[in-house]
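Naming: A, B, ... by sequence-line order, numbering from 1 per chain.
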Amino acid sequence: MNSLESDPGAEPVESHGRSNFIRDAVIEDLKAGKHDGRVQTRFPPEPNGYLHIGHAKAICLDFGLAAEFGGKCNLRFDDTNPSKEETEYVDSIMDDVRWLGFQWDGLFYASDYFPQLHEWAVQLIKAGKAYVCDLTADEVRRHRGTLTEPGLESPYRNRSVEENLDLFQRMKNGEFPDGSRTLRAKIDMSSPILSMRDPVMYRILHMEHHRTGDQWRIYPMYDYAHGQSDSIEKVTHSICTLEFENNRPLYNWFIEQLGIFPSRQFEFDRLNITYTLLSKRRLLTLVQEGHVKSWDDPRMPTLSGMRRRGYTAEAIRTFCANISVSKTNNTVQLSALEYFLREDLNKRAARVMGVLRPLRVVIDNYPEDLVEEMDAVNNPEDENMGTRLIPFSKVLYIERDDFREDPPKQFFRLSPGREVRLRYGYLITCGAVVKDDNGNILELHCTYDPATRGGKTPDGRKVKSTIHWVSAAHAVDCEVRLYDNLFTKENPNEVEEGQDFTANLNPSSLEVLSGCKVEPSLREAPIGSRYQFERIGYFCVDTDSAPGRLVFNRTVGLRDTWSKIEQRGKK
RNA sequence: UGGGGAGUAGCCAAGCGGUAAGGCAGCGGACUUUGGAUCCGCCAUCCGAAGGUUCGAAUCCUUCCUCCCCAGCCA
């Protein structure tokens, strides 16, 4: 997994400076001289899964703001729940952030702050603001009340400071079993804000932590750890997603009670994309239940999956900059992501010719043993990428899709009696169609016009179509993996009663093609390298490749006007 | 239902009292040795609804409607 080190993707990140309400707030604070003009953010993932494109939006915001205003952005792992967290995730997250093109200032872990957090808890107990509660999880829930009814105070709410101190110490010492007691903040059981109804600060968990080992038997809850961690690092703008708006009063409460640096929380909308699931929990399910091969399966919206599929960091950043940041629930169409992907790949990917579904073509009037080297442009968008030579010979492969025995209206490609251009080759005219006993087309016999070498037409004659090809004797065999949406529904979460999102899985999200033919220049193509197969799409060399065994991923297809016309004709 | 958020085109999204930016998608056309790329044009008399204030309202006020989040010892 993650074996694309060859592509650090760390181009310098320019700040786009596109306006959004959080950026506006930062500018306001700067104008007001807040924090002496200091801007500091943080990206705080929990290491319980791989990062996906939704995280990329947050990363671009957090790091982008810091970069734009000369501030700092830390990477902080929110590792307060050892039951879900692993170092594998920590490592992948660091890889992904770097690959996206960002470098953190400080690298921290919430677990670094366990001692300080503990000390503050003791301080709150002494101040009568926290107490040890012996209620079970179930009892706590029943005491919490409902949306419309106030909660009930815990019978343990008014223990003496001494008793609380003693009990908390013994919790810490590991004297009590999991779930038997908690430390709770003493706030207000009748608050209309549920998170203020004496929230749990610490729970007992006899569990190995990925960093602190068996040092702790009590672990702080998110609400008790997050704001203080921000505060310790002197984060000025703590940016998170909308669902945490409910937690903001509590975030502020701890900071105020403790009288520590007042980090301020801002919430923005999380990213949704059609036909895509962006939830670590669900992505974990896909991996664990084997619906995909791994976290970096190219069909996954994880950054590692997208990277393996051939996405560039630049394309993802441009996408994030363009969808902007607001507070509305939204679902961006997949086509928007693909647009920015193609836009970037168009500029950087070398053009090559590759035939996915080969159809043999014999040029009857071409000399038996002649091989000509044809000049081809590597990238019409970038002259600096130069040219290369492609061998042309008597027997070629063309795409099966580029031939129709009985061409529909508007089909401009090859058909009996018709002339087309072989890109950088010659103009050829189709003669005989050879079939087997079942009527399957085996090969085509064509004739070429020697005056059209390189695909030129000295007589000014026009052909309606130019198609790609590969010389049969020189072609390199390879496997090509075509990907389609992982889900068949725009909203994969929309399911019938009794089903779960896996019911919307697309059974043909992966199509493996073998016996594909690519031009010889690709023989030694390194893993991760990206190409445009002319007229087909963008492809990259997959990590499953090995010497003598080339595997390509289709990153995304080219815009396909013909298929649109054809679809329209069918309706 | 108590609390917290949000409603501008098919999808994102600017706009902050002076008469609806931009992008994606779509449609038309030009160009083309990729049906690619590029270029040009079209695409909201209207901003969830209804009232009101104002010379003037997407922007201010009132009421209503819809959607999202919160009742983990998850984050």
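- Rounded to whole Å, atom C1' of U34(B) lies 7 Å from atom CG of Leu558(A).
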Does the protein touch nucleotides 68-75 of chain B at the base, only the backbone, or not at all? Give it as B, S and - per nucleotide, heavy atoms under 4.0 Å. SBBBSBSB
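- Taking only side-chain nitrogens and oxygens, Asn330(A) comes nearer than 4.0 Å to OP1 or OP2 of A13(B).
- The glycosidic torsion of G72(B) lies within 90° of 0, placing the base in the syn range.
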N/O donor-acceptor pairs under 3.5 Å from side chains in residues 150-157 of chain A, not counting sequence neighbours:
from	atom 1	to	atom 2	distance (Å)
Glu153(A)	OE2	Arg157(A)	NH1	3.4
Ser154(A)	OG	Tyr156(A)	N	3.0
Arg157(A)	NE	Asp198(A)	OD2	2.7
Arg157(A)	NH2	Ile187(A)	O	3.4
Arg157(A)	NH2	Asp198(A)	OD1	3.1
Arg157(A)	NH2	Asp198(A)	OD2	3.4

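- Residue Thr328(A) places none of its side-chain N or O atoms closer than 4.0 Å to OP1 or OP2 of C12(B).
- Listed by first then second residue, pairs satisfying salt bridge (Lys or Arg N to Asp or Glu O under 4.0 Å) with a partner in residues 324-335 of chain A read Glu245(A)-Lys327(A), Glu267(A)-Lys327(A), not counting sequence neighbours.
- The CG atom of Asp402(A) sits 14 Å away from the P atom of G36(B) (whole-angstrom rounding).
- Judged by Watson-Crick or G-U wobble contacts below 3.5 Å, the nucleotide G41(B) has C27(B) as its partner.
- With a 3.5 Å ceiling on both atom-pair distances, the Watson-Crick or G-U wobble partner of C67(B) is G5(B).
- Here the OG1 atom belonging to Thr87(A) is positioned 10.5 Å from the CZ atom belonging to Arg211(A), to the nearest 0.5 angstrom.
- Which of G36(B), U34(B), C12(B) sits closest to the side chain of Val332(A) comes down to C12(B).
- Contacts classified as salt bridge (Lys or Arg N to Asp or Glu O under 4.0 Å) and involving residues 44-62 of chain A (residues at least two apart or in different chains) are given here: Lys57(A)-Asp269(A).
- In this structure, the nucleotide among U34(B), G15(B), A37(B) sitting nearest to the side chain of Asn346(A) is A37(B).
- Listed by chain and residue number, nothing satisfies the ring pair (Phe, Tyr, Trp, His ring centres under 6.0 Å) test with His210(A) (two or more places apart in sequence, or in another chain).
- In summary, the side chains of Asp79(A) and Ser111(A) do present a donor paired with an acceptor at a separation below 3.5 Å, with no hydrogens or angles considered.
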What string of B, S and - do you get for nucleotides 20-30 of chain B, 5' to 3', when a contact is any protein heavy atom under 4.0 Å? ---SSSSS---
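- In a base pair of the Watson-Crick type (N1 to N3 plus N6-O4 or O6-N4) or a G-U wobble (N1-O2 and O6-N3), with each distance short of 3.5 Å, A50(B) is matched with U62(B).
- Toward the 5' end of RNA chain B, the nearer of the two residues Ile323(A) and Gln410(A), judged by each one's closest nucleotide, is Ile323(A).
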